[in-house]
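Reviewing the structure listed below.
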Number of protein chains: 2
Amino acid sequence: MTAPTRLSWTDVRDEIRLRILNRTFAPGDKLPRDNDLAGEFGCARTTVHRAMQDLSRNGLVERRRKGGTHVRSDPVTRATFDIPITRLEVEQRGSKYGYQLISRATATTPTSVMRRFGIPHPDRMLHVKALHLADDQPYILEDRWIDTDTTPEILNVDLTRDSANEWLVHNKPYSRVEVQFSAINADKETAEHMAVKTGDALLVIERTTWVESNPITTVLSITAPGYHVSARN
Amino acid sequence: MTAPTRLSWTDVRDEIRLRILNRTFAPGDKLPRDNDLAGEFGCARTTVHRAMQDLSRNGLVERRRKGGTHVRSDPVTRATFDIPITRLEVEQRGSKYGYQLISRATATTPTSVMRRFGIPHPDRMLHVKALHLADDQPYILEDRWIDTDTTPEILNVDLTRDSANEWLVHNKPYSRVEVQFSAINADKETAEHMAVKTGDALLVIERTTWVESNPITTVLSITAPGYHVSARN
DNA sequence: AAGTGGTCTAGACCACCTT
DNA sequence: AGGTGGTCTAGACCACTTG
């Protein structure tokens, strides 16, 4: 006889997910209480709780106090991605990393930047444009604004040598980030920087970070043709 | 005198994150053991553990058994996004949803699809092209392959009425998904379907799903101009 | 008002990795 | 081989939300 091995929370999660696939628990259905499932599985409620948390985090199930747990009838595709430091990304591809500062100036934030930060009034910030290269080819063109109230040290950084991307990543952890993906046709100036034809489709990554609701930086990264971002659950 | 309120794991997380911001724990540093931090904070180790899990999940810290916990010296930007059912997305914008089947045929998978699924040999699958509309304007053009071994029921679905997107979401939960973002210039055929000019930049979302390593579907969604995907941590 | 999920504790054992 | 994070248990109390 085989000794009943102790269940892990992933086992419980997989079993519940299986039942959702099975239609034992159909979309919209209310699942048993954590406690009851714990009884059925012969494990502690905490274990069921963790399993449920994972299913909830992945959008398969919805939980509400007192309301119980329901199978989502309109599940969403939920996935997570990483955006590393650009230099490391390039080096990891086995390419030679290069960097060029294009411009650096203090200026008043345009409305687009105010909107991204969610601030109501214009502010003086540091505006930096720079180009990242892979094997001497343009890789990412970044257009960045940095809040000099929250990050005054950036004014003393030699941005002709080190990219703001790298300095910030190493020196200014954030607590909140928003990222947005879109596509643009290269305008004339962009095309020149990126060594592509005017009108070429480029993936754009817009990234804004805060520390406790205080703006740090927002950057518009225009990527080279063929660039893509991968995510998974 | 104020009674010392019990610490929650988010308090612990915030405190540790603050120390990382402070440089009390600098990039690359080894953090104290969970147990020691628990002692310092006067809470259970489990509470510190959860705080650390969260920081680890957000890429700020790295944990290894025996190795301990280290502040990541090369933190990544990590964020999560949702992609809802297209119909709901359109309706949530306050627009009228429309749907048109363009083509439906069983065919042999091209190498691009084999690559996406990670399968070594070609297979017969259902190939569907369809257009989603918002207020009668093209919104998303989807080019989808569905594995009829894992999802034979799809062959009996009237895809002229219901989109494969919706049917699958409601009837075929997945256990694994991969998503990829890129940008393309509209070719002539795409431009016609999307009512844009040939060459216009469009954001492309490629999504592939599996149930326990068995392919379900892979879809290339070509989005209308101005479409964007938002993510956050 | 009561039921359900959310969290905390204290203790134990396990699994993985580095030394 | 030993140290660290990972997980499980059992019990308790809390917080939210719905009936």
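Quick note on labels: first sequence line is chain A, next is B, and so on, each numbered from 1.
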Please state whether the phosphate of [N], meaning OP1 or OP2, lies under 4.0 angstrom from any side-chain nitrogen or oxygen of [X].
X: B:R63; N: C:dC17; result: no
X: A:H49; N: C:dG6; result: yes
X: A:T69; N: C:dT4; result: no
X: B:R64; N: D:dT4; result: no

Length of the line joining [X]:[atom1] and [N]:[atom2], which is rounded to integer Å:
X: B:H70; N: D:dG5; atom1: NE2; atom2: C1'; answer: 12 Å
X: B:D34; N: D:dG6; atom1: CG; atom2: P; answer: 7 Å
X: A:L7; N: C:dC14; atom1: CG; atom2: C1'; answer: 16 Å
X: A:D11; N: D:dT7; atom1: CG; atom2: C1'; answer: 12 Å
X: A:K30; N: C:dG3; atom1: NZ; atom2: P; answer: 11 Å
X: A:W9; N: C:dC13; atom1: CH2; atom2: P; answer: 24 Å
X: B:N35; N: C:dA12; atom1: CG; atom2: P; answer: 13 Å
X: B:F41; N: C:dA10; atom1: CZ; atom2: C1'; answer: 19 Å

DNA chain D: A:G67 or A:C43, which has the more 5' nearest nucleotide?
A:C43

Of A:G42 and B:P32, the one whose closest DNA chain D nucleotide lies more 5'
B:P32

Tell me whether B:R232 at atom CZ has more than 12 heavy atoms from other residues, nucleotides or ligands lying less than 6.0 Å away.
no

[X] and [Y] ion-paired at < 4.0 Å:
X: B:R19; Y: B:E40; answer: yes
X: A:K96; Y: A:D135; answer: no
X: B:R207; Y: B:E178; answer: no
X: A:R93; Y: A:E89; answer: no

Considering only side-chain heavy atoms of [X], which listed nucleotide, [options], is closest?
X: A:R50; options: C:dT7, C:dC16, D:dT7; answer: D:dT7
X: B:T46; options: C:dC8, D:dT17, C:dT9; answer: C:dT9
X: B:A44; options: C:dA10, C:dT4, D:dG3; answer: C:dA10

Classify A:T47 by what it touches in the nucleic acid, base, sugar-phosphate, or nothing, heavy-atom distance under 4.0 Å.
sugar-phosphate

Residue met sooner reading DNA chain C from 5', once A:K66 and A:R45 are mapped to nucleotides:
A:K66

